[in-house]
**Q** 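Provided herewith is a single structure, encoded as structure tokens, for subsequent inquiry.
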Amino acid sequence: MQIITDPAEMQAIAENLRLQRQLIGVVMTMGALHDGHLSLVRLAQKRAGTVIMTLFVNPLQFGPDEDFERYPRPFEQDAALARSAGVDYLFAPEPGLMYPEEFRCTVDPGPMAGRFEGSARPGHFRGVATVVLKLLNITKAHVAFFGEKDAQQLAIIRRIAADMNIDTRIEAAPIAREPDGLATSSRNIYLSPEEREHAAALYRAIRHAEAETGRGRRDLAAIAKEGLAIVSSAPGAKPDYLCFVDDDTFEPADEAAPGKAYRLVMAVRIGTTRLIDNWRYMCEGNRDT
Ligand code: AMP
């Protein structure tokens with residue numbers, strides 16, 4: 001595995017790979033690697049000949065009161081994990097080379113970026129969209145892999161790719177979870193042992209929604225309210241939002257229509273740690289009946 005820190009060098013390598021007709025897959029991360037990231041690498045290895053992992057804690061997507069400074073940065077451990085997972089290139093750019101003094105332009109990700117994570121974290125998706133576009137241009141990837149864990153981010157990236165005619169296929173990987181159902185996340189290490197136990201409430205709300213929709217209920221608003229009660233009953237849990245949305249547009253949805261896909265999305269603060277999770281639900285039945 002080669003470690004590259006200069007965007008221009010990464011771009012030159014990617015150009016060469018393309019000339020050699022290599023299919024390039026990219027997995028973008030902020031490091032503190034866990035099973036979720038590694039599942040993206042495994043998927044990338046199935047789909048592409050060369051796998052580039054990017055590792056960059058992107059300052060542009062953090063608000064002023066967020067955890068940019070304390071975000072974990074175990075670089076040596078990450079590099080070892082990426083190497084043993086079979087990553088070909090680890091692109092860990094210098095912040096000053098990504099955002100030099102004269103840097104001015106950002107990507108406006110449109111209306112979907114104003115809801116949920118976007119309203120809780122103003123400017124977050126502008127920062128994500130900007131760095132994703134930069135990393136696609138630097139790595140020249142044919143396919144880019146993103147986790148469903150960040151479902152709104154994934155939907156926004158798909159929208160940008162379509163709207164801007166980006167010549168990279170966007171592929172999603174399912175959410176990797178701990179044995180009790182908690183979605184793996186670099187932020188889980190912020191949780192104390194008690195908080196870690198209470199955090200399982202998010203997955204309990206998902207299981208409840210799964211069971212209730214499974215027995216034919218379509219009253220999504222009511223199911224979400226029950227999920228909210230489940231999450232709120234965990235000590236120290238403060239839900240930020242928990243509701244069903246249309247899976248394409250992220251518009252809130254109160255009632256399921258046959259043949260349509262929805263997503264239960266949630267953000268919950270456990271102590272000072274903000275966790276997000278989601279679950280996709282396809283309402284069975286014929287749209288026309
Ligand atoms: P991050 O390092 O948190 O920015 O995440 C980098 C990529 O890994 C994003 O595409 C995330 O959606 C994905 N990811 C993070 N956690 C998980 C998880 N538990 N399961 C699947 N993908 C994940």
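Index from 1, following the sequence. Counting starts at 1 for both ligands and their atoms, following the listed order.
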**Q** Under the 3.5 angstrom rule, does the side chain of Arg280 hit a backbone N or O of Ala261 as a donor-acceptor pair?
**A**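 Not a single qualifying donor-acceptor pair exists.
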
**Q** Tell me: protein heavy atom nearest atom 11 (C) of ligand 1, and distance?
**A**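 Its nearest protein heavy-atom neighbour is Asp150 OD2, 3.0 Å.
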
**Q** Within 45 degrees of the ring normal and closer than 6.0 Å to the centroid, is that where the cationic atom of Arg70 sits relative to Tyr190?
**A** yes

**Q** Check Val27 against ligand 1 and report side chain, backbone, both or neither, counting heavy atoms closer than 4.0 Å.
**A**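 Neither part.
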
**Q** List for me each residue that meets side-chain contact (heavy atoms from CB on, under 4.5 Å) alongside Ser185, sequence neighbours excluded, and say none if there are none.
**A**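 So Ser185 forms a side-chain contact (heavy atoms from CB on, under 4.5 Å) with Lys149, Arg187, Asn188.
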
**Q** Would the number of heavy atoms belonging to other residues, nucleotides or ligands and lying under 6.0 Å from CG of Asp167 be above 12?
**A** no

**Q** Ring of Phe68, cation from Arg73 - is the NZ or CZ under 6.0 Å from the centre and inside 45° of the axis?
**A**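 Yes, Arg73 sits over the ring of Phe68.
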
**Q** List the closest protein heavy-atom neighbour of atom 23 (C) of ligand 1: residue, atom name, distance to the nearest 0.1 Å.
**A**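 Closest protein heavy atom to atom 23 (C) of ligand 1: Lys149 CB, 3.8 Å.
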
**Q** Would you say the side-chain atoms of Thr29 pair up with the backbone N or O of Thr54, donor to acceptor, closer than 3.5 Å?
**A**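 Indeed, once roles are kept as given, a pair shorter than 3.5 Å links the two residues.
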
**Q** Any nitrogen or oxygen of Ala176 lying under 3.5 Å from a nitrogen or oxygen in ligand 1? Just yes or no.
**A** yes

**Q** Determine whether the side chains of Glu255 and Tyr262 contain a donor N or O and an acceptor N or O closer than 3.5 Å.
**A** no

**Q** Looking only at protein heavy atoms, identify the closest one to atom 7 (C) of ligand 1 and say how far it is in Å.
**A** Met28 O, 3.4 Å

**Q** Show the atoms of ligand 1 that are less than 4.0 angstrom away from any heavy atom in Thr29.
**A** 2 (O), 6 (C)

**Q** Please state which part of Ala32 comes within less than 4.0 Å of ligand 1, counting heavy atoms only: side chain, backbone, both or neither.
**A**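 No part of Ala32 comes within reach of ligand 1.
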
**Q** Just jot down the ligand 1 atoms closer than 4.0 angstrom to any heavy atom of Phe146, in number order.
**A**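 Selected atoms, number and element: 10 (O).
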
**Q** Quick test: of every protein heavy atom, which one is nearest to atom 21 (C) of ligand 1, and how far off is it to 0.1 Å?
**A**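 Atom 21 (C) of ligand 1 sits closest to the protein heavy atom Pro174 O, 3.4 Å.
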
**Q** Table please: side-chain donor-acceptor pairs of residues 122-133 below 3.5 Å, with sequence neighbours left out.
**A**
from, atom 1, to, atom 2, distance (Å)
His124, ND1, Gln61, O, 2.9
Arg126, NH1, Thr106, OG1, 2.9
Thr130, OG1, Val107, N, 2.9
Thr130, OG1, Arg126, O, 2.6

**Q** Are Asn58 and Tyr99 close enough, and set up right, to give a side-chain hydrogen bond (donor to acceptor under 3.5 Å, both in side chains), and what steps lead you there?
**A** CA-CA 10 Å; Asn58 175 33; Tyr99 300 118; 2.6 Å; yes

**Q** Do Met30 and ligand 1 have an N or O pair less than 3.5 Å apart?
**A**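 Between Met30 and ligand 1 (N or O atoms, distance only) the closest approach is under 3.5 Å.
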
**Q** Would you mind finding which of Ala172, Ser39, Gly147, Gly36 brings a heavy atom closest to atom 10 (O) of ligand 1?
**A**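 The option holding the nearest heavy atom is Gly147.
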
**Q** If the cut-off is 4.0 Å to any non-hydrogen atom of Leu40, which atoms of ligand 1 fall inside it?
**A**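 Selected atoms, number and element: 7 (C), 8 (O), 10 (O), 13 (C).
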
**Q** Verify, without hydrogens or angle tests, whether Gln11 (side chain) and Asn137 (backbone) share a donor-acceptor contact under 3.5 angstrom.
**A** yes

**Q** Using a 4.0 Å heavy-atom cut-off, say whether His34 meets ligand 1 through its side chain, its backbone, both or neither.
**A** side chain

**Q** Tell me which part of His37 gets within contact of ligand 1: side chain, backbone, both or neither, using heavy atoms under 4.0 Å.
**A**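 His37 to ligand 1: side-chain contact only, backbone stays beyond 4.0 Å.
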
**Q** Is any N or O atom of Ser185, backbone or side chain, closer than 3.5 Å to an N or O atom of ligand 1?
**A**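 There is no such contact.
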
